[in-house]
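Below, chains carry the letters A, B, ... as their sequence lines are ordered, and counting in each starts from 1.
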2 protein chains.
Amino acid sequence: MPSTTADKKITKGARLRAQLRILLDDEIALGPGKADLLEAIRETGSISAAGKKMSMSYRRAWLLVDAMNRCFKSPLVDTAKGGVDGGGARLSEHGATVLANYRAMEQAVARITDKHFEAIKPLLKKNPVI
Amino acid sequence: MPSTTADKKITKGARLRAQLRILLDDEIALGPGKADLLEAIRETGSISAAGKKMSMSYRRAWLLVDAMNRCFKSPLVDTAKGGVDGGGARLSEHGATVLANYRAMEQAVARITDKHFEAIKPLLKKNPVI
DNA sequence: TCGCAATATATCCATGTAAATATAACGGCG
DNA sequence: CGCCGTTATATTTACATGGATATATTGCGA
């Protein structure tokens, strides 16, 4: 998929990004990308479709799921292979709980940072960056 | 500096990491590493010494300073070349203000996430990870 | 029993990031 | 002037991350 404008992340203006990661030893148990993937799995019903939706390779999507499942007490994603439709993946009850907690924390953080960022934003350059 | 135990970031147990980044267009104006670098510059009086202290290359430290200075209304770091001691770098008044705001925001976020993490931690596996 | 679609897993390879290295330029002072 | 240590900048090299690719496995239904 070629494109004239580099399709990286052409976002403009001043903004704040808060990233929350839950770590277990040296492994990222849950972070922004994994949380989005959990939602995509809930919506699509499979790791491969969720990966496509997020335009990542199946390999990568599977590795993320594997890491999550290994880090938490019980799997966040239940998988099945074979069967009429080849199998699939579902967000487990435990996974839904973890995801909800993570999203709630994100929102609480956003409320705080939004206020603080109002004070910082005027210190940034307005127009020309590069 | 060889080492038997890979000197990556051997931290253990369950914990939460909150990273706050101030973005201007596609550039990171300020983030965790840049904030630490600002403090190291304040303490050491030079980019090169600050880089050493944080065990990063001078090139990398300089690039970070350059990005910060380009993103904010006025430079966070004032530099001087030449002179008796070759020059140096100082945290500007504007830089001190920005850094203080960033640290305050970090602390406010930490207070929030600490509470939320107490609810999430028991959902994680305790002992065996790998 | 075969085919399908998805999980599960290994191997190879491209690419971007940062380190390593090199070199100017600068400006006080002895 | 010539020496320092630092800023400033370009160029090359090493490496880790993830993509591409391939293959085995599973289980239901036609």
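Residues from residues 34-54 of chain B lying near DNA chain D, meaning a heavy-atom separation below 4.0 Å, are B/Ser46, B/Ile47, B/Ser48 in numerical order.
Hydrophobic side-chain contacts under 4.5 Å tie A/Val84 to no other Ile, Leu, Val, Met, Phe, Trp or Tyr residue.
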Base versus backbone protein contacts along nucleotides 19-30 of chain D [heavy-atom cut-off under 4.0 Å; B, S, -]: BB----BBBS--

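The side chain to side chain donor-acceptor pair (under 3.5 Å) pairs that include a residue from residues 28-46 of chain B are B/Asp36-B/Arg103, B/Glu39-B/Arg103, B/Glu43-B/Lys53, B/Ser46-B/Ser48, where partners are two or more places apart or lie in different chains. Applying the side chain to side chain donor-acceptor pair (under 3.5 Å) rule to pairs touching residues 60-69 of chain B yields B/Asp66-B/Arg70, sequence neighbours excluded. For the side chain to side chain donor-acceptor pair (under 3.5 Å) condition, the pairs that include at least one residue of residues 73-89 of chain B, sequence neighbours left out, are B/Ser74-B/His94.
Both A/Tyr58 and A/Met56 are part of a single hydrophobic cluster, where members link through side-chain heavy atoms under 4.5 Å apart.
In this entry the distance linking CG of A/Leu63 with P of D/dA16 reads 17 Å, nearest Å. Rounded to whole Å, atom P of C/dT17 lies 14 Å from atom CG of B/Leu64.
Considering only side-chain N and O atoms, A/Trp62 lies nowhere under 4.0 angstrom from the phosphate OP1 or OP2 of C/dT7. Here B/Thr79 reaches the OP1 or OP2 of D/dA8: one of its side-chain N or O atoms lies under 4.0 Å away.
With B/Ser55 contributing its side chain and B/Lys52 its backbone, the two residues share no donor-acceptor pair below 3.5 Å. Between the side chain of B/Tyr102 and the backbone N or O of B/Leu20 there is at least one donor-acceptor pair closer than 3.5 Å.
The CG atom of B/Leu16 lies 7.0 Å from the CD1 atom of B/Ile120; values are rounded to the nearest 0.5 Å.
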